[in-house]
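Structure record follows, encoded as structure tokens.
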Amino acid sequence: MAESNRPENKLVAERRKKLAALRADGFAFPNTFRRTALAGQLHRVYDEHSNEAFEAEPVEVLVAGRMMTQRVMGKASFATIQDRSGQIQLFLQRDQVGKEAYDGFKGWDLGDIVWARGTLFRTRTGELSVKVCEMQLLTKSLQPLPEKFHGLSDQESKYRQRYVDLIVNESSREVFRVRSKIVQFIRSYLDAMDFLEVETPMMQILPGGALARPFVTYHNALERDLYLRVAPELYLKRLVVGGFERVYEINRSFRNEGISTQHNPEFTMLELYLAYADQTVLMDLLENLLRSLAESLFGRTELVYQGQELKFDEPFRRVTVEEAIAEQNPELDTGRLRDLDYLRDACGRLDIPVQENAGPGKLLIEIFEKTVERQLDKPTYVTAYPAEVSPLARRSSDDPWLVDRFELFMAGRELANGFAELNDPEDQDERFRQQMEQKDFGDDEAMPYDTDYIRALEYGLPPTAGLGIGIDRLVMLLTDSPSIRDVLLFPHLRPQRED
RNA sequence: GGGGGUAUAGCUCAGCGGUAGAGCAGUGGCCUUUUAAGCCAUUGGUCCUAGGUUCAAUCCCUAGUGCCCCCA
């Protein structure tokens with residue numbers, strides 16, 4: 001029973017005794033009691049009803065939920081129960097339910113799952129309540145709940161025992177309701193545009209589609225290593241080759257990197273691909289999506305994240321990587337931002353470690369990440385990324401050093417990444433070869449060469465634009481959550497020590 | 001990887017070099033419209049772990065571990 005050999009908490013022992021008594025009477029875990037109403041519904045429908053109305057036309061309801069408060073006052077008692085929609089107060093009188101049932105109720109504990117049948121009425125203070133005729137304990141709760149006023153505030157417990165956090169903290173429940181609404185909204189938005197939702201492999205033979213370190217696992221029957229995907233990109237584009245001209249996937253990707261307020265090893269990403277479009281189409285699409293999302297969720301397009309205002313109603317600022325760097329680093333010579341030796345010097349002055357094999361594009365992005373990213377508070381599209389760090393993006397027609405790519409930043413963090421897709425199989429072959437060289441130099445984030453993907457491109461990928469959005473980060477912004485763990489139901493933590 | 005914070009009752013938190021306290025929750029009692037109900041009584045602790053200093057450590061020192069924050 002108890003997993004440790006420590007003596008059990010007295011509070012639990014007390015409740016276990018009560019459960020044993022229920023068991024002895026044959027009433028331990030009944031499952032024949034049904035419900036006809038939810039707390040939230042009752043408030044919505046009857047909050048304006050007067051007692052006269054209830055007396056003229058009695059409303060009988062069957063309700064059930066977790067008992068969150070209990071106030072016993074002699075021969076009358078109040079309790080509030082909580083269901084998925086909210087809370088409703090129960091009112092019991094000993095003379096109404098009988099002495100035996102009433103005494104039984106007095107022995108119930110906060111956290112017990114209970115059922116009641118009764119009629120609606122309004123108390124002296126005007127609170128809509130159920131006058132109970134009959135009650136039943138459905139599930140005995142053995143673990144005591146956190147304190148009713150402060151709830152559960154210890155971060156570690158909130159994450160490790162999310163179920164307790166959800167029971168007692170309405171604000172936590174709300175975050176995950178909003179999260180669900182966000183994903184729902186995105187689905188219906190894309191479905192309305194005739195996108196097809198698909199699912200592609202999470203276990204991949206080659207971990208492609210992003211520059212990131214993968215998790216490795218082993219498949220016994222195939223006798224080979226498999227990788228948890230770092231991105232679904234290459235499979236989704238195969239589907240565009242196959243003729244699904246608008247596809248998206250919302251699901252987990254995995255990156256074997258550090259954990260922080262912005263990073264969880266598994267995270268949820270939306271990736272979508274749209275044929276016969278370029279990155280500017282996606283920038284407009286994303287801007288519209290975010291604007292309508294905010295409006296649908298909150299009825300407004302201005303929101304506040306951690307004290308700073310985010311406006312979704314006005315067009316996002318657009319700036320190139322090189323322009324943004326020049327703004328934040330006025331001492332740099334803008335004419336030499338593609339000059340390897342110059343960039344190496346600049347990195348040295350900025351305390352950025354320089355890898356031996358890094359080219360100018362890589363160094364430019366290092367400088368961007370170090371000096372610009374955090375400053376981008378207002379929604380900003382950064383464009384014109386170096387081809388060197390974008391091995392799957394289409395080269396810009398007027399400047400082959402660059403690709404047709406953008407990233408969206410706000411509140412100092414990256415939220416989305418999109419580009420016109422590289423659909424030239426011969427250029428893609430060359431880019432993969434460059435990645436392999438980087439890998440040989442020890443860059444374990446470099447992409448592997450994917451022969452089958454090249455073959456797919458050789459069948460012909462229409463001109464296509466693709467976009468990835470970090471759903472967790474989006475939820476953080478829209479729920480004003482400071483840490484990614486606040487928007488993940490079960491964030492990864494180090495295992496607890498067992499002693 | 002580096003720096004800072006934190007770890008005391010089931011929960012939220014005080015506290016002090018002399019083995020510990022409040023509120024809530026629990027237990028017993030009073031109370032028939034309460035709502036952070038109230039009143040009386042009362043139970044409950046490996047003070048994160050391991051060493052060290054000391055007559056004496058929950059407190060001071062060292063190391064470790066979890067969690068939070070910042071930096072790389």
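Quick note on labels: first sequence line is chain A, next is B, and so on, each numbered from 1. Computation of the quantities below employed the complete heavy-atom set of this structure, encompassing side-chain atoms and omitting hydrogens, waters and symmetry-equivalent molecules.
- Pairing for G18(B) goes to C55(B), judged as Watson-Crick or G-U wobble with the two contacts each under 3.5 Å.
- For the pair Arg122(A) CZ and U34(B) P, the interatomic distance rounds to 15 Å; values are reported in whole Å.
- Straight-line distance from the NZ atom of Lys106(A) to the C1' atom of G28(B): 11 Å, rounded to whole Å.
- With a 6.0 Å cutoff to the six-membered ring centre and a 45° limit on the axis angle, Arg94(A) does not count as a cation-pi contact of Tyr102(A).
- Both distances falling under 3.5 Å, in either a Watson-Crick or a G-U wobble arrangement, place A7(B) opposite U65(B).
- Across all strands shown, C71(B) is found opposite G1(B) as a Watson-Crick or G-U wobble partner, with both distances under 3.5 Å.
- To the nearest angstrom, P of U33(B) lies 17 Å from CG of Leu90(A).
- Put simply, the side chain of Gln93(A) does not reach to within 4.5 Å of the side chain of Lys75(A), judged on heavy atoms.
- Atom CD of Glu57(A) is surrounded by 12 or fewer heavy atoms from other residues, nucleotides or ligands within 6.0 Å.
- Using cut-offs of 30° and 60° for the angle between ring planes, the Phe54(A) and Tyr46(A) rings count as tilted.
- The separation between Arg16(A) atom CZ and U27(B) atom P is 16 Å, rounded to whole Å.
- Closest-nucleotide positions on RNA chain B for Arg71(A) and Leu152(A) were compared, and the one nearer the 5' end corresponds to Leu152(A).
- Taking the C1' atoms as reference points, G64(B) lies 16 Å from U6(B), given to the whole Å.
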Under 4.0 Å protein heavy-atom contacts per nucleotide of nucleotides 67-72 of chain B, with B for base, S for backbone only and - for none: SSSSSS
Every protein N/O lying under 3.5 Å from an N/O of nucleotides 19-25 of chain B:
| from | atom 1 | to | atom 2 | distance (Å) |
| --- | --- | --- | --- | --- |
| A25(B) | OP1 | Lys148(A) | NZ | 3.1 |

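- Between the Asn256(A) side chain and the Pro265(A) main chain, no donor and acceptor come within less than 3.5 Å of each other.
- A donor N or O paired with an acceptor N or O is found under 3.5 Å between the base of U34(B) and the side-chain atoms of Gln89(A).
- Counting any heavy atom pair closer than 4.0 Å across all strands shown, Glu127(A) reaches a base atom.
- By the neighbour-count criterion of 12 heavy atoms within 6.0 Å, atom CZ of Phe298(A) is densely surrounded, having more than that number from other residues, nucleotides or ligands.
- A 4.5 Å side-chain heavy-atom check between Met135(A) and Trp108(A) finds at least one atom pair inside the cut-off.
- Separation of the P atoms belonging to U65(B) and A9(B) is 23 Å when rounded to the nearest angstrom.
- Counting to the nearest Å, the P atom of U34(B) and the CD atom of Gln87(A) are 19 Å from each other.
- Residue contacts shown for Gln93(A) include a base, since a base heavy atom lies under 4.0 Å away.
- Using the six-membered ring where Trp is involved, Phe316(A) and Tyr381(A) have ring planes that are tilted, between 30° and 60° apart.
- Nucleotides G26(B) and G21(B) are separated by 23 Å at their P atoms, to the nearest Å.
- Between Met68(A) atom CE and A36(B) atom C1' there is a gap of 13 Å when expressed in whole angstrom units.
- To the nearest whole angstrom, the two C1' atoms, one in C13(B) and one in A36(B), are 16 Å apart.
- Annotation: G44(B) and A25(B) have their C1' atoms spaced 11 Å apart (nearest Å).
- The shortest side-chain heavy-atom distance between Pro214(A) and Gln204(A) does not fall under the 4.5 Å cut-off.
- Taking the C1' atom of each, A22(B) and G17(B) are spaced 23 Å apart, rounded to whole Å.
- Here the separation of A50(B) from A14(B), taken at their C1' atoms, is 27 Å to the nearest Å.
- Across the strands present, C30(B) finds its partner in G38(B); the criterion is a Watson-Crick or G-U wobble pair with both atom distances under 3.5 angstrom.
- Taking a 6.0 Å sphere around CZ of Arg34(A), one finds it holds more than 12 heavy atoms contributed by other residues, nucleotides or ligands.
- Aromatic pair Phe121(A)/Phe91(A): centroids less than 6.0 angstrom apart.
- Rounding to whole angstrom units, CG of residue Asn9(A) and C1' of U46(B) are separated by 15 Å.
- For the pair Gly151(A) and Gly107(A), both in contact range of RNA chain B, the more 5′-proximal nearest nucleotide belongs to Gly151(A).
- When each of Leu474(A), Leu477(A), Asp377(A), Leu376(A) is paired with Met410(A), the side-chain contact (heavy atoms from CB on, under 4.5 Å) condition holds for Leu477(A) and for no other.
- U19(B) takes the syn form, because its glycosidic angle lies no more than 90° either side of 0.
- Taking the P atoms as reference points, U53(B) lies 15 Å from U58(B), given to the whole Å.
- Spacing between atom CD of Gln96(A) and atom P of U33(B) amounts to 14 Å, rounded to whole angstrom units.
- The environment of Phe29(A) atom CZ is dense: over 12 non-hydrogen atoms of other residues, nucleotides or ligands sit within 6.0 angstrom.
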Arg317(A) and Thr380(A): CA distance, side-chain angles, deciding distance, side-chain hydrogen bond (donor to acceptor under 3.5 Å, both in side chains) verdict: CA-CA 5 Å; Arg317(A) 185 175 174 234; Thr380(A) 305; 5.0 Å; no
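- Dashed line: the shortest gap from a side-chain N or O of Lys18(A) to OP1 or OP2 of U27(B) is under 4.0 Å.
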Dump every N/O contact between nucleotides 38-45 of chain B and the protein below 3.5 Å, one line per pair.
| from | atom 1 | to | atom 2 | distance (Å) |
| --- | --- | --- | --- | --- |
| U43(B) | O2' | Lys10(A) | NZ | 2.9 |

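- An OP1 or OP2 oxygen of C13(B) is reached within less than 4.0 angstrom by a side-chain nitrogen or oxygen of Ser153(A).
- Contacts of Tyr102(A) with the nucleic acid, taken as non-hydrogen atoms under 4.0 Å apart, are absent.
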